[in-house]
Amino acid sequence: MARRCLSIILAAGEGTRMKSARSKVLHEVAGLAMVRHVVAAAAAAGSDTIAVVSGKDGEAVVEAVRRDRDDTGHYVQEERLGTAHAVLAARAAIEAGADDVLVLFADTPLIRPETLARARASLIAGNAICVIGFRPQNPSGYGRLIERDGELLAIREDKDASEAEKAIDFCNAGVMALAGDTALAVLGEIGNANAKGEYYLTDAIEIARRAGLKVRAIEAEAFEVAGVNNRAELAAVEATWQERRRRRAMIEEGVTLIAPETVTFSHDTRLSRDVVVEPNVVFGPGVAVGEGAVIHAFSHIAGATIAPGVSVGPFARLREGTELLEGSKVGNFCEVKNASLGEGAKVSHLSYIGDAEIGAATNVGAGTITCNYDGSRKHRTVIGAGAFIGSDTSLVAPVTIGDGAYVGTGSVITDDVPAGALAIARERQVTKEDRGRQIIERNRAAKAGAADTAKSAKAAKPARAARAPGETKSARTEKAEKPEQSREPRQGARRGPPSRS
Ligand code: UD1
Ligand code: CA
């Protein structure tokens, strides 16, 4: 089909009911601006050219759309005089030539490409206009589609409709396809003699019919054409989008969702066969999950590539630039950012891995922290393959740990560790026979003494009790402990700079 298609996206609404500093159509559904959903649908339906009609402050809207289509045309509707007037703001785009012209609303983000393609097919079948209709639960407020013998005769706006016309439940969704060769002639004839004094795009139907052109309506599902005017409608559209995405995951992609309604996807989440997603998982943008991977409960994942057979969570946080190779594992209470885990590598508990590279089959112990930030710059930690990082280790970047190296538990590693080496960087343990028992007994006696003093003070005079026996006790304890501690032998362990966080 070599027909050229132009999509005109109307985004000139004020959106005041959103009560927002941002343009309404930039508010996001599944993490993507509404207008970009519409552009994606238009593109998927084969649009060669996209034109956005905005109000006066439309730069941000067009900028957003140009991230997908950098050749998007921008037309400004200076005054808001109606939907036909808005379409004609993009007159130059229509004049440039198109076989099919699609008119879409930027605040109707769930429109499906299949529906737009059906509208185009109707033009190919010889209709000059194809209107997309739907049957809402409550038709009031919508333009009614007046049909006879399968032909569309007119669209009557709610404000202009008779009682009989108001009883019609087949309504105008606002989306329309017009044949490019007759579009401008029809649109040019539209006037504003109606209840609202606006140039109604819907008048195109009767004008086309008078010119002997054929007009038809097709029906879309109601969810597709749900518009967003306020935050509650935004949430409702989000819910619909999520519901459909979950179904697609389960029915088409072979993904197990144990509690589907608790999983939130992003517009671009990519899932593979036999992925299992446990309850309460959030996918931010930029995530791909490979076959058979398991995302355990309460994980938050964005900007991550997860290979087949990987295990994530529960309670894992994967951030931008995470790459987990086959069979690797990120366990509970771990955060990973801008880092890769080689095949079979494991970071199982309570760790922060940032700006790092971890080799295949390396085991990173519980509580390991890559200290990647020195207060102004980020530094990398590189760990080779088959290495072992003991629990509670701080890796002060930039630092490199070689293949097969072993780092002792509780180390603060500031210098590179060669392949195969053992590195321990911590104070040596001091053990004193019987000293523990002595301390415990002394503390117990002090506590009992303090309680007795308090009791007798209370019996004598409550106000005197403020003489703080506790203070005396702790001062004495400190005095007794201090010389002891200073006599403890200092181990030769080299001290690194203060740990970065
Ligand atoms: C419009 C349709 C109505 C349909 C309904 C579906 C017309 C005359 N009526 O009514 O049949 O049932 O949508 O929701 O088309 N816009 C501009 N510039 C303007 C006016 C509107 O860009 O001058 C944009 C708005 O931002 C909005 C869309 O066009 O995205 C629809 O405009 P709106 O005024 O909401 O039309 P409705 O009265 O809802
Ligand atoms: Ca509307």
Side-chain angles (χ1 to χ4, degrees), residues 7-18 23-27 33-35 37-39 42 51-58 61-62 74-91 102-111 115 129 131-147 152-161 165-166 168-178 186-187 190-207 215 217 219-220 222-230 233-234 237:
S7 281
I8 301 175
I9 299 174
L10 304 190
E14 309 254 300
T16 45
R17 280 175 282 168
M18 292 297 279
S23 164
K24 171 168 81 175
V25 301
L26 292 180
H27 285 263
M34 284 194 271
V35 66
H37 280 273
V38 177
V39 168
V52 169
V53 177
S54 77
K56 279 167 213 140
D57 301 318
V61 174
V62 175
H74 183 200
Y75 302 88
V76 177
Q77 185 192 19
E78 294 288 348
E79 272 182 295
R80 227 168 151 277
L81 300 180
T83 44
H85 181 259
V87 173
L88 280 172
R91 170 188 286 277
L102 291 172
V103 176
L104 301 137
F105 294 166
D107 61 2
T108 308
L110 300 183
I111 187 73
T115 305
I129 302 179
V131 172
I132 296 181
F134 72 119
R135 294 178 203 276
Q137 288 202 330
N138 175 11
S140 107
Y142 293 107
R144 307 301 204 284
L145 300 184
I146 302 170
E147 290 183 303
L152 183 61
L153 304 183
I155 305 177
R156 194 75 69 233
E157 287 306 292
D158 192 64
K159 282 207 167 89
D160 302 295
E165 287 165 343
K166 277 188 175 164
I168 298 171
D169 70 342
F170 194 28
C171 295
N172 176 25
V175 184
M176 207 178 269
L178 300 102
V186 170
L187 292 170
I190 294 175
N192 64 350
N194 52 53
K196 276 167 98 180
E198 284 188 4
Y199 294 86
Y200 284 166
L201 180 59
T202 45
D203 285 352
I205 310 313
E206 284 166 287
I207 291 166
V215 181
E219 185 172 343
F223 81 83
E224 287 184 69
V225 295
V228 172
N229 293 305
N230 57 42
E233 287 171 354
L234 181 66
V237 163

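Only this structure's heavy atoms are used, side chains among them; waters, hydrogens and symmetry mates stay out. One-based numbering, in listed order, for ligands and for the atoms of each.
- Contact annotation for Q77 and ligand 1: only side-chain heavy atoms (C-beta onward) come within less than 4.0 Å of the ligand.
- Every atom of ligand 1 is numbered from 1 in the order shown, and the set under 4.0 Å from a heavy atom of G13 is 26 (O).
- Those atoms of ligand 1 that come under 4.0 Å of a heavy atom in D107, given as number and element, are 30 (O).
- With a 4.0 Å cut-off on non-hydrogen atoms, E157 touches ligand 1 through its side chain and not its backbone.
- With a 4.0 Å cut-off on non-hydrogen atoms, A173 touches ligand 1 through its backbone and not its side chain.
- Remark: R135 engages D169, E219 in a side chain to side chain donor-acceptor pair (under 3.5 Å) (not counting sequence neighbours).
- Atoms of ligand 1 lying under 4.0 Å from at least one heavy atom of K196, given by number and element, are 38 (O).
- Atoms of ligand 1 found under 4.0 Å from any heavy atom of G143 (numbered from 1 in listed order, with element): 3 (C), 4 (C), 11 (O), 12 (O).
- The part of L81 lying near ligand 1 is the backbone, judged by heavy-atom distances below 4.0 Å.
- Residue N172 touches ligand 1 through backbone and side chain together, judged by heavy-atom distances below 4.0 Å.
- The atoms of ligand 1 that sit less than 4.0 Å from any heavy atom of T83 are 7 (C), 8 (C), 15 (O), 20 (C), 21 (C), 29 (O), 31 (C), 32 (O).
- In this structure, G227 falls outside the shell of residues with a heavy atom less than 4.0 angstrom from ligand 1.
- Residues passing the side chain to side chain donor-acceptor pair (under 3.5 Å) test with S54, sequence neighbours excluded: H74.
- When each atom of ligand 1 is checked for a heavy atom of A86 under 4.0 Å away, the hits are 17 (C), 18 (N), 22 (O).
- Ligand 1 is never approached by E79 to a heavy-atom distance shorter than 4.0 Å.
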